[in-house]
**Q** 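First the structure, which I've put down as structure tokens, then a few questions once you've had a look.
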Amino acid sequence: MSVIGKHGGAMRKLGLQPLTGAEKQRRHRERVKARLAEADRLKAILAAGPGNVLPGLSAFYDNVLGEIGATPAEREALVAQLPTIQSDLRMFLLVRAQTDLEQFRAMMRKRKASLLARLDGANSNEKP
């Protein structure tokens with residue numbers, strides 16, 4: 001629901017009271033801070049070098065090893081190789097992401113082309 005404010009702009013309502021300028025600024029600051037915190041978190045994850053294993057990867061890999069029947073000693077020895085495994089995973093995901101992106105873009109181009117063809121066909125049908 002929106003209400004026209006005293007300066008002609010629309011004001012959103014929260015309950016029965018419209019939001020004040022200060023409340024809008026506070027909410028905006030909170031959203032910006034949340035975005036910056038998320039960006040910092042993602043930068044830290046992406047900057048994880050060979051000696052810095054992604055959070056959760058160790059537990060995930062340990063669970064996978066458990067599923068295939070590795071003994072605790074084997075699991076411990078293999079989890080120690082996580083930096084190498086992480087770089088392999090990163091390369092695999094990078095190649096996969098590039099392939100997925102290319103396929104998606106090709107699909108979008110194809111959709112746009114067929115839409116244009118349909119529009120051209122519709123326009124030619126309208127003209128006698």
**Q** Does some side-chain heavy atom of Gln103 sit less than 4.5 Å from a side-chain heavy atom of Asp100?
**A**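 When only atoms from C-beta onward are counted, Gln103 and Asp100 do touch, with a gap below 4.5 Å.
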**Q** Measure the spacing between CG of Asp62 and CG of Leu57 and express it to the nearest 0.5 Å.
**A** 11.0 Å
**Q** Tell me the closest heavy-atom pair linking Leu78 and Ile85, and the distance in Å.
**A**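 So the two residues come closest at O-CD1, 4.1 Å.
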**Q** Using a distance-only test with no angle check, is there a side-chain donor-acceptor pair under 3.5 angstrom linking Gln81 and Thr84?
**A**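 Side chains of Gln81 and Thr84: no pair found under 3.5 Å.
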**Q** When clusters are formed by joining ILVMFWY residues with side-chain heavy atoms under 4.5 Å apart, either directly or through shared neighbours, do Leu65 and Leu89 land in the same one?
**A**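 Result: yes, single cluster for both.
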**Q** Same cluster for Phe104 and Leu93 if Ile/Leu/Val/Met/Phe/Trp/Tyr side chains link at under 4.5 Å?
**A** no
**Q** Any chance you could measure Arg29, atom CZ, to Leu36, atom CG, to the nearest 0.5 Å?
**A** 13.5 Å
**Q** I need the Arg75 CZ to Asn63 CG distance, nearest 0.5 Å.
**A**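 Result: 7.0 Å between the selected atoms.
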**Q** If you define the side chain from C-beta out and look only at heavy atoms, does anything of Arg35 sit under 4.5 Å from Glu38?
**A** no
**Q** Taking it one step at a time, do Arg27 and Lys24 satisfy side chain to side chain contact (heavy atoms under 4.5 Å, CB included)?
**A** CA-CA 5 Å; Arg27 287 182 174 194; Lys24 288 180 184 179; 5.9 Å; no
**Q** Hey, quick one: are Val79 and Ile68 part of the same hydrophobic cluster, counting side-chain heavy atoms closer than 4.5 Å, chains of contacts allowed?
**A** yes
**Q** Does this structure show an ion pair linking Glu23 with Arg26, if we count only N-O contacts that are shorter than 4.0 Å?
**A** yes
**Q** Please indicate whether Met91 has more than 12 foreign heavy atoms, meaning atoms of other residues, nucleotides or ligands, lying under 6.0 Å from its CE.
**A** no
**Q** Assigning hydrophobic clusters by single linkage (Ile, Leu, Val, Met, Phe, Trp, Tyr; side-chain heavy-atom cutoff under 4.5 Å), is Leu94 placed with Leu101?
**A** no
